[in-house]
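What follows is a single structure, written as structure tokens, with notes after it.
Not measured: the values here are computed from a predicted model. Reckoned from all heavy atoms, side chains included, excluding hydrogens, waters and symmetry mates.
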Amino acid sequence: RVLGNAGVETQFREMPAKRICLELQKNDQAVCSFGWYKITEREKYARFSVPLHQDRPQVVLAGPRSIASIRRHSTLKELMSDKTMVLTIADGFSYGPELDPMIAVFSGKVDRTVQSELQGARKIAAQRADFMFMDQEDYEYLIDADADFKGNALVRIEYPDMPPGLKRYILCSQQVGDGTMRRINAAIATEAKR
């Protein structure tokens, strides 16, 4: 709707986060992608719209056999220092400027996957990982819309020291011109007033 209201002709394709970033870095065509966090690394090769959405804090998603071990920790800081845990993350995806450094020094094992959040959740349900971070809106959408996700007996855990939710943006290649970016930003502003 935003791109339509901005008068931007579009074709939508689904692809993994890492591939999207590579396409934006190649910068050989006008490409945009929705829902990205604004981080310094991306500002080197991409253009950002005005904020599209404000997230709530991330949650920890745990599998049935990991729940007790994870709930043993009263803070995220404690959980991230547990050497026995396996954290699954989406390769090429940023969890924001506070969680990314925590993941980088995580004491346990990090399982990097190119899979979607739903596939990551399946990995946790199958006990191939202990936990993952998930956006609350994504969790609520999947629990309502996907029978497989709902049936996996996954548990959502919130920690008091989880970083605040971040703003999300439309991320575009440098091939997207100033005029198009202005129209996109105007369309976002119009949507925000609704």
Side-chain angles (χ1 to χ4, degrees), residues 1-58 61 87-106 109-123 129 132-139 141-142 145-146 149 163-194:
R1 190 166 62 220
V2 166
L3 294 178
N5 290 343
V8 177
E9 198 173 306
T10 59
Q11 284 184 348
F12 287 93
R13 288 187 307 197
E14 193 173 326
M15 59 181 70
K18 195 168 188 173
R19 183 163 168 218
I20 292 169
C21 288
L22 291 172
E23 289 292 322
L24 290 163
Q25 288 172 358
K26 276 196 321 192
N27 196 34
D28 60 0
Q29 59 182 320
V31 177
C32 292
S33 183
F34 285 81
W36 292 83
Y37 297 142
K38 193 175 201 177
I39 59 173
T40 306
E41 178 187 322
R42 292 182 187 142
E43 289 181 284
K44 294 174 186 170
Y45 62 82
R47 304 182 73 157
F48 286 84
S49 69
V50 296
L52 183 66
H53 174 73
Q54 172 76 49
D55 284 349
R56 293 178 283 167
Q58 297 264 330
L61 195 63
L87 165 66
T88 191
I89 63 167
D91 195 25
F93 181 81
S94 172
Y95 293 86
E98 292 183 61
L99 283 178
D100 286 349
M102 293 173 99
I103 293 167
V105 297
F106 175 55
K109 180 183 175 198
V110 176
D111 171 52
R112 296 181 188 279
T113 180
V114 294
Q115 299 172 325
S116 69
E117 284 187 323
L118 180 58
Q119 291 163 322
R122 286 181 180 138
K123 186 178 276 191
M132 65 185 281
F133 295 112
M134 183 175 264
D135 175 75
Q136 290 191 52
E137 284 88 358
D138 291 347
Y139 174 84
Y141 170 78
L142 287 170
D146 192 286
F149 184 82
L166 300 173
K167 292 178 181 174
R168 291 188 182 256
Y169 300 81
I170 299 175
L171 185 65
C172 297
S173 67
Q174 296 292 338
Q175 291 290 326
V176 177
D178 291 339
T180 302
M181 290 304 296
R182 280 193 294 275
R183 291 194 318 271
I184 289 171
N185 289 337
I188 292 170
T190 299
E191 283 296 317
K193 292 176 186 174
R194 289 184 180 189

If you measure from OH on Y139 to CE on M134, what distance do you get to the nearest 0.5 Å? 9.0 Å
Counting C-beta onward and ignoring hydrogens, is there a side-chain heavy-atom pair between D135 and Q58 closer than 4.5 Å? yes
State whether the side chain of Q136 and the backbone N or O of D55 hold a donor-acceptor pair below 3.5 Å, judged by distance alone. no
Excluding sequence neighbours, so at least two apart, what forms disulfide (SG to SG under 2.5 Å) with C172? C32
Would you indicate whether F34, at its atom CZ, is surrounded by more than 12 heavy atoms from other residues, nucleotides or ligands within a distance under 6.0 Å? yes
Residue pair P163 / P57: nearest heavy atoms and the distance that separates them: O-CB, 3.5 Å
Any idea which heavy atoms bring A6 and R183 closest together, and the distance? O-NE, 2.8 Å
For the OG1 atom of T88 and the NZ atom of K123, what is their distance to the nearest 0.5 Å? 4.5 Å
In this structure, CD of Q25 is separated from CD of E41 (nearest 0.5 Å) by 7.0 Å
Indicate yes or no: at least one non-hydrogen side-chain atom of L87 is less than 4.5 angstrom from one of F133. yes
K167 atom NZ, neighbour heavy-atom count above 12 within 6.0 Å: no
Just wondering, do T190 and N5 contact through their side chains at under 4.5 Å, heavy atoms? no
N/O donor to acceptor pairs below 3.5 angstrom from side-chain atoms of residues 42-52, sequence neighbours left out:
{"residue": "R42", "atom": "NH1", "partner": "Y37", "partner atom": "O", "Å": "2.8"}
{"residue": "R47", "atom": "NH1", "partner": "V176", "partner atom": "O", "Å": "2.7"}
{"residue": "R47", "atom": "NH1", "partner": "D178", "partner atom": "OD1", "Å": "3.1"}
{"residue": "R47", "atom": "NH2", "partner": "D178", "partner atom": "OD1", "Å": "2.5"}
{"residue": "S49", "atom": "OG", "partner": "I170", "partner atom": "N", "Å": "2.9"}

Tightest non-hydrogen contact, residues S94 and G96, listed as OG-N, 3.0 Å
Hits for side chain to side chain donor-acceptor pair (under 3.5 Å) against E137, two or more places apart or cross-chain, chain-then-number order -> R56
Rounded to the nearest 0.5 Å, how far does CZ of R168 lie from CG of L171? 12.0 Å
Heavy-atom closest pair, residues R112 and I89: NH1-CD1, 3.0 Å
Taking atom CD of E9 as the centre, does the number of heavy atoms from other residues, nucleotides or ligands within less than 6.0 Å exceed 12? no
Quick one: pull up CG in L22 and CG in N27 and give me the separation to the nearest 0.5 Å. 13.0 Å
Distance in Å, Q175 CD paired with L24 CG, rounded so as to fall on 0.5 Å steps: 11.0 Å
